[in-house]
Amino acid sequence: MVFQAVGKLLGYRKHGFKDTLLSKSIKKDSPAKKTSGESEKLYLEPRYTAARIVDADILMLVALPKGLNVDEWLASNASAFYNHVSLLYGSISEFCTITSCPSMKAWATQIQWTDEKGRKRKCTAPQYADYAASIIQKLLTDENLVPTKHSKEFPKTFKPAIQKTFRLLFHLLGHIYTCHFKTVVNLELHPHLNTLYLHLLLFCAEFHLLDSKEMALSEDLTTALIQSSPSPKTSGAQSRNT
């Protein structure tokens with residue numbers, strides 16, 4: 001199971017995901033069969049899953065640095081991830097149109113947009129990307145939500161906002177993999193996409209930013225990327241326990 005792989009990689013044996021809960025969620029929420037309209041999962045081929053842009057220990061990038069406030073770490077990473085996802089989506093945006101992507105498909109799911117009042121509605125993938133960018137920029141630049149002055153504390157609404165940010169980014173990456181991976185390969189950007197996806201997902205797992213139902217949507221990809229990754233370095237594992 002992907003959660004066992006992620007848990008082992010992150011060292012969650014003491015405080016990680018519950019195996020029984022996860023097994024239930026995967027059975028319930030993961031698609032058991034491909035739908036007839038689902039395209040071949042090119043991104044699962046070994047020649048592509050092994051591609052990375054760096055040989056660094058991603059766990060070292062995920063771990064909270066000593067002495068740093070966890071909310072500050074979440075905020076700074078949210079901004080960085082948003083910039084990287086924006087760049088990747090921008091590289092294929094001319095191929096993501098209302099004609100080619102009339103719905104927001106990510107993995108085997110048709111995702112609807114949920115507005116600030118909780119109302120859901122269907123939209124095209126380009127519309128979803130625009131909505132997501134607007135919301136994320138609004139959240140990350142809100143001084144009351146993400147204070148930049150040391151005298152101000154992060155509010156209780158900060159964590160839910162960060163979780164929403166990463167959920168939207170996860171959906172955008174899912175759309176790129178599902179609908180535009182061939183274009184990504186043609187642009188030779190799949191090493192960047194794989195590295196960014198695995199970094200984001202491990203970061204979300206470490207700080208509980210995505211729920212199990214969301215993560216189950218891409219369990220096949222996560223498992224493939226983890227299995228094709230080099231083993232975590234000993235120094236990285238030691239640094240997480242000091």
Side-chain angles (χ1 to χ4, degrees), residues 2 30-31 33-56 58 61 77-113 121-137 165-204 210 214-229:
V2 62
S30 295
K33 298 180 181 179
K34 279 186 177 182
T35 59
S36 59
E38 186 178 354
S39 60
E40 181 183 0
K41 294 181 178 181
L42 186 66
Y43 53 81
L44 293 181
E45 294 187 10
R47 55 177 170 157
Y48 298 127
T49 59
R52 305 284 192 281
I53 60 171
V54 293
D55 190 27
I58 294 183
L61 303 177
N77 275 274
S79 179
F81 277 119
Y82 168 66
N83 290 334
H84 287 303
V85 173
S86 294
L87 286 173
L88 260 176
Y89 180 77
S91 69
I92 58 90
S93 60
E94 65 178 295
F95 306 100
C96 185
T97 66
I98 59 176
T99 301
S100 64
C101 303
S103 63
M104 178 57 186
K105 185 175 182 180
W107 318 119
T109 302
Q110 300 289 342
I111 299 177
Q112 294 182 324
W113 179 256
R121 65 185 183 89
K122 295 180 180 180
C123 63
T124 67
Q127 287 176 321
Y128 191 97
D130 286 342
Y131 295 156
S134 297
I135 288 295
I136 293 173
Q137 288 179 354
T165 295
F166 278 94
R167 185 169 65 254
L168 294 175
L169 295 178
F170 178 72
H171 291 168
L172 290 176
L173 288 180
H175 179 71
I176 295 173
Y177 270 111
T178 304
C179 300
H180 302 289
F181 191 73
K182 287 184 179 179
T183 300
V184 170
V185 171
N186 290 336
L187 294 173
E188 299 183 348
L189 291 175
H190 53 293
H192 297 261
L193 179 59
N194 287 343
T195 303
L196 177 58
Y197 169 85
L198 190 57
H199 186 187
L200 183 142
L201 190 122
L202 292 178
F203 188 84
C204 288
L210 286 175
E214 291 280 359
M215 296 176 71
L217 295 174
S218 60
E219 62 171 325
D220 51 0
L221 174 62
T222 306
T223 300
L225 291 179
I226 289 177
Q227 290 177 344
S228 65
S229 297

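Worth knowing before you read on, the calculation uses all heavy atoms, side chains too, and leaves out hydrogens, waters and symmetry mates. Since we're looking at a predicted model, the values are computed, not measured.
- When all heavy atoms of C204 and F166 are compared, the closest pair comes out as SG-CD2, 3.6 Å.
- Considering only heavy atoms from C-beta on, H199 comes within 4.5 Å of L61 through its side chain.
- Across all non-hydrogen atoms, the minimal contact from A78 to L169 is O-CD1, 4.5 Å.
- The CD1 atom of I176 sits 8.5 Å away from atom SG of C96, with the distance rounded to the nearest 0.5 Å.
- Residues R167 and E214 have side chains in contact (heavy-atom distance under 4.5 Å, counting atoms from C-beta outward).
- Summarising the geometry, atom CD1 belonging to I111 is positioned 10.0 Å from atom OG belonging to S103; distances are rounded to the nearest 0.5 Å.
- Inter-residue side-chain proximity for L168 and W113 is flagged as met; some heavy-atom pair is nearer than 4.5 Å.
- Note that CZ of F181 is 10.5 Å distant from CG of L189, once rounded to the nearest 0.5 Å.
- By the 4.5 Å heavy-atom criterion applied to side chains, H180 and L88 are not counted as neighbours.
- Evaluated for a side-chain contact (heavy atoms from CB on, under 4.5 Å) with L198, the options L221, L193, I226 yield exactly one hit, I226.
- Although no hydrogens or angles enter the test, the distance criterion places a donor-acceptor pair under 3.5 Å between the side chain of Q127 and the main chain of T124.
- For residues 186-197, the set of pairs meeting the side-chain hydrogen bond (donor to acceptor under 3.5 Å, both in side chains) definition, not counting sequence neighbours, comprises Y177-N194, Y197-S218, Y197-T222.
- A 4.5 Å side-chain heavy-atom check between S228 and R52 finds at least one atom pair inside the cut-off.
- Using the six-membered ring where Trp is involved, Y128 and H171 have ring planes that are tilted, between 30° and 60° apart.
- By the 4.5 Å heavy-atom criterion applied to side chains, L201 and M215 are counted as neighbours.
- Closest approach of Y89 to A125, counting heavy atoms only: OH-O, 4.2 Å.
- Interatomic distance, CG of D130 versus CD1 of I135, reported as 12.0 Å (0.5 Å rounding).
- Residues passing the ring-ring contact (aromatic ring centres under 6.0 Å, His included) test with Y82: none are found, sequence neighbours excluded.
- T49 OG1 to L44 CG: the interatomic distance, rounded to the nearest 0.5 Å, is 8.0 Å.
- Considering only heavy atoms from C-beta on, V184 stays 4.5 Å or farther from Y43 through its side chain.
- Judged as a salt bridge (Lys or Arg N to Asp or Glu O under 4.0 Å), and not counting sequence neighbours, R121 has no contacts.
- T178 places no side-chain N or O within donor-acceptor distance of the main-chain N or O of H175, the cut-off being under 3.5 Å.
- In this structure, I92 CD1 and S100 OG are separated by 8.5 Å, a value rounded to the nearest 0.5 Å.
- Side-chain atoms of T165 and F81, non-hydrogen and from C-beta on, never get closer than 4.5 Å to each other.
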